[in-house]
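Each remark here refers to the structure printed beneath this line.
Order of the sequence lines sets the chain letters (A, B, ...), proteins ahead of strands, with each chain counted from 1. The analysis underlying the following values was restricted to heavy atoms, covering all of them including side chains, and did not include hydrogens, waters or symmetry mates.
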Amino acid sequence: MAVQDEPAGSDFIRDIIKADLDSGKYTPQAVHTRFPPEPNGYLHIGHAKSICLNFNIAAQFGGLCNLRFDDTNPSKEEVEYVESIIRDVRWLGYDWQERMFYASDYFERLYECALGLIRAGKAYVCSLSPDEIRRYRGTFTEPGTNSPYRERSVAENLDLFERMRKGEFPNGAHVLRAKIDMASANLNMRDPVLYRILHESHHRTGEVWCIYPMYDFTHPLSDAFEAITHSICTLEFEDHRPLYDWALENAENLPTRPQQIEFARLNLTYTVMSKRKLLQLVREGHVHGWDDPRMPTISGLRRRGCPPAAIRAFCDRIGVAKKDSTVDVALLEHCVREKLNKTASRYMAVLRPLKVVIENYPADQVEHMQAVNNPEDAASGTRQVPFSREIYIEREDFMEDPPKKFFRLAPGREVRLRYAYFITCTGVIKNESGEVVELRCTYDPATRGGDAPDGRKVKATLHWVSAAHALAAEVRLYDRLFSVEDPDRDGAGESFLDRLNPDSLETLYPCFCEPALGFLDSGQCCQFERMGYFCADPDSTADRPVFNRTVGLRDAWARIQQKGTD
RNA sequence: UGGGGAAUCGUACAACGGCAGUACGCCAGACUCUGGAUCUGGUUAUCCAGGUUCGAAUCCUGGUUCCCCAGCCA
């Protein structure tokens, strides 16, 4: 495994594995898990929970974890998704060495197993229509009815199934079914379909097959083929476990007997997690693609600037249990800040510029101020930031008529420019509509570097950018995609789309950055001092860098303002 | 109203018959050249009703609520 963060905690799944080790059922190196995505969409943070669980468990016990594509439905699956999944799991920091498999690798073996079932009288070809199968299945409270084709002879079943494979029948003409119990209280056991006819090109096997095995048949056998010991999946498959076990018990010549264990999938506040809804957001253009930084997809989080280690830390902290739960997105944001605080270099960038002229500073003078790159990391060193007579500060850092708790610049008030000088506001220039368009200030030459020799204090420190040296950039301010905690909640005639946050993206241009910000690589994260964590977007060009806000800093002033509003 | 699951601070996860704890959030304070970070303190929980026990979140009985299942999806 490529990554090893904090020691993993304990949970009911690890408890089961420990018990299996203690009882001698397995040796530690035999512990074998797998992450089995269907390549029909992009991976999201919910998948990350499963990825971390499976890979970390294997690593913790000294075993292995496979990557396996569950690609048994060619009508929904595409190579684009396969490629994105490989990229995302790697990016998260995990390595499956040579153990990347596809369920489609097993089509021939699965077919042989099906033949074995037929020969043993445990499976039959059913020629009911899909609609008839549904009616014969019965309901929650009424048992099903045996298919009229249930007692076909082995010879006839073999003949029909072979001809299904050869392509002699159209879609839907026949299916292969397990012969279990049409009266079972578990609907999954009422002669479930094992194979269906699908005249469809598969992204890996092409036109070789026109019958495809169902999940319930494929999954347990694939697990067995790969000697998976603990097959971890989500709660909705709990009902399928008897069928999973049935397949393992009745298929011939299986090398091992994996165990299915179910856990609760991740839900996050202020977002949706279902593949269907994420696909809809992309297809209908509510976001700009699968990797839109507002999406909970791995690729979206990556573009947003969220470090993989933060996602891993998050998955570690949310725990694993069987209770349906919705984790507060604030925990994810905390993990992102925690990681970025330690690693992100600091820069100054003014998002909503307000010009300041320092009247007593020489017009042609430029000084280079030494700035600390990261106070949390002494090894990150320092850099020089140019300072001159005309600078930009943040518009929100000035108030003409400040309330009591506002510490920043105001007429007559002195504040510090970070790493530079103390300045005092001496004048306010407005346009004809009364808006403040420029400030006049004076500086105290004795405060160079940001400290007053006489020991006087200021209550605020502002970030700034020299106007003459400023780099104009586009900044994309991202916020939560939905305006309510639970966009999935069913409401009167409303869909989740009605709860999209109209302010989830605000684009700012021009923002003024210190020159060093022109040299960031695409994807690189940094902190804009006092504003938040940002990363360079791939849309950046040489003359117009683009930065995405990953997450803001904790903001005490915003909270004070909020309280004033309440 | 059949079957399968789950109920612990606001949220998530622990406690596995013996002081209900941790993290996030929130509140207050200290410190600070980022109203950041850091530090300190505080806040609030065992679904309900019985029972067993010296002792129950944990075991038993009965209820309640929530989630999943009637694809030739996974």
Side-chain angles (χ1 to χ4, degrees), chain A residues 9-11 15 36-38 40 70-73 75-77 126 128-130 133-135 137-144 171-177 184-190 192-198 211-212 214-216 218-219 233-242 262 264 266 269 275 314 317-335 337-338 341-342 346 348 371-372 375-376 405-408 416-420 422 447 449-451 457-463 485 527-532 552-560:
Chain A
S10 195
D11 53 63
D15 289 346
E38 183 190 13
N40 68 343
D70 220 329
D71 56 347
T72 57
N73 185 356
S75 57
K76 290 187 174 174
E77 296 150 9
C126 179
L128 253 20
S129 70
I133 287 187
R134 181 165 45 76
R135 287 206 300 273
R137 186 152 34 222
T139 68
F140 287 147
T141 49
E142 305 158 66
N171 291 355
H174 311 282
V175 291
L176 183 73
R177 291 229 249 169
S184 172
N186 182 343
L187 266 38
N188 295 121
M189 301 298 271
R190 319 244 260 228
V193 172
L194 265 23
Y195 268 89
R196 76 285 217 189
I197 299 170
L198 233 41
I211 57 172
Y212 291 92
M214 300 287 289
Y215 167 87
D216 283 316
T218 308
H219 209 87
C233 64
T234 43
L235 251 27
E236 69 271 26
F237 292 102
E238 219 153 10
D239 282 352
H240 294 242
R241 198 187 327 132
E262 311 84 10
L266 170 68
T269 56
K275 277 190 185 177
F314 171 74
R317 288 188 203 191
I318 56 177
V320 184
K322 296 191 71 159
K323 180 173 67 164
D324 290 308
S325 62
T326 302
V327 174
D328 193 338
V329 73
L331 180 59
L332 211 212
E333 293 170 350
H334 167 82
C335 293
R337 286 193 191 101
E338 180 180 59
N341 177 47
K342 297 288 184 217
R346 271 109 240 238
M348 291 195 283
V372 173
E376 302 289 323
K405 289 181 177 167
F406 184 85
F407 302 151
R408 283 110 96 145
R416 172 169 36 235
L417 294 176
R418 179 138 233 230
Y419 302 124
F422 284 12
T447 58
D451 281 307
K457 301 284 185 200
V458 287
K459 293 199 81 171
T461 300
L462 310 188
H463 61 281
E485 269 196 32
Q527 185 193 105
F528 290 175
E529 294 226 14
R530 302 208 306 132
M531 302 308 286
L553 259 20
R554 282 182 77 244
D555 189 345
W557 168 238
R559 220 167 288 152
I560 292 166

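- On the C1' atoms, B:C48 is 12 Å away from B:A7, given to the nearest whole Å.
- Within the 3.5 Å criterion, the main-chain N or O of A:Thr447 finds no donor-acceptor partner in the side chain of A:Arg416.
- Between the C1' atom of B:A37 and the CZ atom of A:Arg530 lies a distance of 15 Å, rounded to the nearest Å.
- Residues A:Asp451 and A:Leu331 each lie close to RNA chain B; by heavy-atom proximity, the contact nearer the 5' end of the strand is made by A:Leu331.
- Phosphate contact (OP1/OP2 of B:G36, side-chain N/O of A:Arg337, threshold under 4.0 Å): absent.
- The nearest pair of heavy atoms linking A:Asp15 to A:Ser10 is OD1-OG, 2.9 Å.
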Return the polar atom pairs (N/O with N/O) between nucleotides 69-71 of chain B and the protein under 3.5 Å, or none.
from	atom 1	to	atom 2	distance (Å)
B:A70	O2'	A:Arg137	NE	3.3
B:G71	OP2	A:Arg137	NH2	3.3

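- Nearest heavy atoms, A:Asp70 versus A:His219: OD2-ND1, 2.8 Å.
- Between A:His334 atom NE2 and B:C24 atom C1' there is a gap of 7 Å when expressed in whole angstrom units.
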**Request:** Could you please spell out the steps behind the side chain to side chain contact (heavy atoms under 4.5 Å, CB included) verdict for A:Met214 and A:Leu194?
**Result:** CA-CA 5 Å; A:Met214 300 287 289; A:Leu194 265 23; 5.6 Å; no
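- Atom name P, nucleotides B:A28 and B:U43: the rounded distance is 15 Å, in whole Å.
- Atom CZ in A:Phe314 sits about 11 Å away from atom P in B:C13, given to the nearest Å.
- Here the side chains of A:Asn73 and A:Arg196 are in contact, with some heavy-atom distance below 4.5 Å.
- The interatomic distance linking A:Leu266 (CG) with B:C24 (P) rounds to 18 Å, in whole Å.
- Residue A:Arg196 has a polar side-chain atom (N or O) positioned under 4.0 Å from OP1 or OP2 of B:A74.
- Looking at A:Arg408, its side chain comes within 3.5 Å of the base of B:G35 through a donor and an acceptor atom.
- Contact between the side-chain N/O atoms of A:Arg559 and the OP1/OP2 oxygens of B:C27 is found at a separation under 4.0 Å.
- Put simply, A:Thr72 has a side-chain N or O that comes within less than 4.0 Å of OP1 or OP2 on B:A74.
- When Watson-Crick and G-U wobble pairs are counted only if both distances are under 3.5 Å, B:G29 pairs with B:C39.
- In this structure, A:Asn40 atom CG and B:C73 atom C1' are separated by 9 Å, rounded to whole Å.
- In this entry the distance linking CE of A:Met531 with C1' of B:G36 reads 12 Å, nearest Å.
- Comparing atom distances between the A:Ala185 side chain and each of B:C16, B:G36, B:G3 picks out B:G3 as nearest.
- Only the C1' atoms considered, B:C39 is 23 Å distant from B:U44, to the nearest whole Å.
- Across all non-hydrogen atoms, the minimal contact from A:Leu266 to A:Phe314 is CD2-CE2, 3.9 Å.
- On the C1' atoms, B:C47 is 15 Å away from B:C9, given to the nearest whole Å.
- Distance A:Arg554 CZ to B:A37 C1': 10 Å, rounded to the nearest Å.
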**Asked** Can you give one letter per nucleotide of nucleotides 5-11 of chain B, 5' to 3': B if a protein heavy atom sits under 4.0 Å from the base, S if only from the sugar-phosphate, - if neither?
**Response** SSSS--S
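- In this structure, B:C73 makes no Watson-Crick or G-U wobble pair, since no nucleotide meets both defining distances under 3.5 angstrom.
- Going from the P atom of B:U64 to that of B:U22 covers 36 Å, rounded to whole Å.
- For the C1' atoms, the distance linking B:A56 with B:G71 amounts to 45 Å, nearest Å.
- Base-pair partner of B:U53: not found among the strands shown (Watson-Crick or G-U wobble, both distances under 3.5 Å).
- The distance between atom CG of A:Asp70 and atom P of B:A74, rounded to the nearest whole Å, is 7 Å.
- Looking only at side-chain heavy atoms (C-beta outward), A:Lys342 and A:Glu338 stay at 4.5 Å or farther from each other.
- In the interface, the side chain of A:Gln527 is paired with the base of B:U34 through a donor and an acceptor atom under 3.5 Å apart.
- For B:C67 and B:U1, the P atoms lie 14 Å apart once the distance is rounded to whole Å.
- Pair assignment for B:A12: B:U22, on the basis of Watson-Crick or G-U wobble contacts that are both within less than 3.5 Å.
- Counting only heavy atoms from C-beta on, A:Thr141 has its side chain closest to B:G2 among B:A14, B:A23, B:G2.
- Across all strands shown, B:U64 forms a Watson-Crick or G-U wobble pair with B:A7, both key distances being under 3.5 Å.
- Atom P of B:C69 sits at a distance of 38 Å from the matching atom of B:G18, rounded to the whole Å.
- Interatomic distance, A:Glu38 CD to A:Tyr215 OH, rounded to the nearest 0.5 Å: 11.0 Å.
- Against the 90° criterion about 0, the sugar-base torsion of B:G42 places it in the anti range.
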